[in-house]
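Bear in mind that the values here come from a model prediction, so they are computed numbers and not experimental data. All ligand and atom numbering here is 1-based and tracks the order in the structure.
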Amino acid sequence: MDILIFFSFLFSILHAAAAAAEPCSITMCGKNEVPIRFPFHQQGKQPQSCGYPGFYLGCDTQNMIHLKLPYSGDFFVRRINYLDQLIHLYDPDGCLPRRLLSFNLSGSPFVAVFHHNYTFLSCPTQVMRSRFTSTIGCLSNSTHSVLATSSIELAKRMASSSCRIITTVPIPVSWPAESDEDYTAELDADIQLTWHAPHCGECEEQGGTCGLKDKTSKEIDCFHLPKSSGSLTVFRIICLSISVPALSCAVGMAVYACCHDDNRHQARQNPREQNGPAAVSPQRMVGVTGLDESTIESFEKMVLGESRRIPGPNDGTCPICLSEYLSKDTIRCIPKCKHCFHAECIDEWLRMNTTCPVCRNKPSAGDTNSHIDPV
Ligand SMILES: *[C@@H]1O[C@H](CO)[C@@H](O)[C@H](O)[C@H]1NC(C)=O
Ligand SMILES: *[C@@H]1O[C@H](CO)[C@@H](O)[C@H](O)[C@H]1NC(C)=O
Ligand SMILES: *[C@@H]1O[C@H](CO)[C@@H](O)[C@H](O)[C@H]1NC(C)=O
Ligand SMILES: *[C@@H]1O[C@H](CO)[C@@H](O)[C@H](O)[C@H]1NC(C)=O
């Protein structure tokens with residue numbers, strides 16, 4: 001009998017130790033593909049100490065992840081970028097402009113990446129219908145159309161005719177606003193917010209696991225940083241000793257092929273011109289230098305949502321392949337000029353040419369889109 005008690009005691013200790021070793025693993029909200037981990041934690045499923053205050057996420061029976069903002073209520077979480085510390089939110093009722101009319105981030109750890117003031121106008125529908133396509137459908141009714149603009153001039157002009165100004169509010173946007181736009185239909189895209197504390201981006205970048213130093217403090221630490229072990233080093237040395245000769249051999253062959261090719265080209269009359277200036281050849285031509293892979297990767301990439309809205313000076317088609325963007329398409333945007341393309345189209349281009357195909361702006365390695373701290 002005593003032995004039985006002893007074993008069950010031992011078992012419970014072991015069990016507790018096993019549970020304590022990995023208390024804050026990644027959790028999922030049912031079939032939702034967004035992983036939930038530090039600084040976020042799933043309410044009810046993980047202990048409080050697995051997350052950071054204000055980063056509690058809920059999970060409903062439809063596998064929707066909820067974030068509750070103290071003064072703005074519940075939002076659904078579309079995506080969390082742990083590396084860049086960004087969270088993408090959308091409205092459960094599908095009318096984000098309505099939520100933006102009274103959006104207030106007070107009391108939450110989240111801040112907008114950039115702000116821009118928008119004025120909402122309500123105009124009689126019969127006046128508007130013929131002239132504008134950018135009415136906000138979910139705020140409009142049969143008699144009144146609601147529009148939003150970031151241009152104060154335009155708002156004033158419209159208010160002096162038949163429209164009424166509803167309100168002017170700062171709205172979180174993901175790009176710095178350069179010029180005022182006319183009416184925008186863009187306000188139903190996801191809200192993108194960032195957070196400054198806890199700062200886990202660097203730890204994430206190094207492949208570590210960010211977490212609280214201990215359960216009582218708010219200090220964070222970076223755990224499980226990958227270390228290169230002895231055998232791994234030996235493996236790398238072997239790889240290197242094989243790949244260096246192989247690489248030099250390949251380079252030699254490429255140079256040979258290139259010179260050979262050039263001779264042939266000189267024999268015929270400059271055949272490159274026949275391709276036309278805009279032809280994008282899918283092969284990487286030796287001697288034509290574009291950007292390196294890591295620079296290209298550093299330019300912001302995003303997956304289009306249902307609204308297929310693209311920030312910046314872009315319309316609904318990819319300027320390279322001229323096909324329309326579809327939701328779930330992956331697009332990449334060039335910093336500074338903010339022209340966007342299908343990621344596969346622009347990546348191919350940038351490997352060969354360092355300029356933006358639309359405006360010839362030259363992006364470089366140091367340029368990034370986000371990470372500019374808001375005020
Ligand atoms: C947000 O809400 C808080 C609390 O009600 C309030 O003090 C603050 O002024 C609000 N901010 C804005 C921009 O409305
Ligand atoms: C928005 O408007 C407020 C006052 O109406 C002003 O203080 C603020 O600077 C404006 N913000 C931007 C980004 O223009
Ligand atoms: C339409 O909305 C306006 C406010 O924008 C409101 O005054 C009006 O009563 C609404 N009309 C109907 C038919 O709901
Ligand atoms: C890159 O493309 C531009 C036209 O968009 C062209 O003028 C330039 O010569 C190209 N550069 C290279 C290195 O091919």
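- If you check the side chains of Lys45 and Thr27, you find no donor sitting under 3.5 Å from an acceptor.
- Here the protein heavy atom with the shortest distance to atom 14 (O) of ligand 3 is Asn141 ND2, 3.2 Å.
- Set against the non-hydrogen atoms of Thr143, the atoms of ligand 3 under 4.0 Å away are 1 (C), 10 (C), 11 (N).
- In terms of protein heavy-atom proximity, atom 5 (O) of ligand 3 is nearest to Ser122 OG, 3.5 Å.
- Listed by number with element, the atoms of ligand 1 under 4.0 angstrom from any heavy atom of Ser106 are 1 (C), 2 (O), 3 (C).
- Distance from atom 13 (C) of ligand 3 to its nearest protein heavy atom, with residue and atom name: Ser142 OG, 4.1 Å.
- Aromatic ring centres of Phe75 and His66: separated by at least 6.0 Å.
- The cationic atom of Arg78 (NZ for Lys, CZ for Arg) lies less than 6.0 Å from the six-membered ring centre of Tyr90 and within 45° of the ring axis.
- Looking at Gln42 and Tyr56, their side chains never bring a donor and an acceptor atom within 3.5 Å of each other.
- Looking at ligand 1, you won't find any N or O of Tyr71 less than 3.5 Å from one of its N or O atoms.
- Shown are Thr168, Ile136, Thr149; of these, the side-chain contact (heavy atoms from CB on, under 4.5 Å) with Phe120 is made only by Ile136.
- A donor atom on one side chain and an acceptor atom on the other are found under 3.5 Å apart for Thr125 and Ser145.
- The nearest protein atom to atom 6 (C) of ligand 1, hydrogens excluded, is given as Asn104 ND2, 4.2 Å; this is a heavy-atom distance.
- Less than 4.0 angstrom separates atom 9 (O) of ligand 3 from none of the non-hydrogen atoms of the protein.
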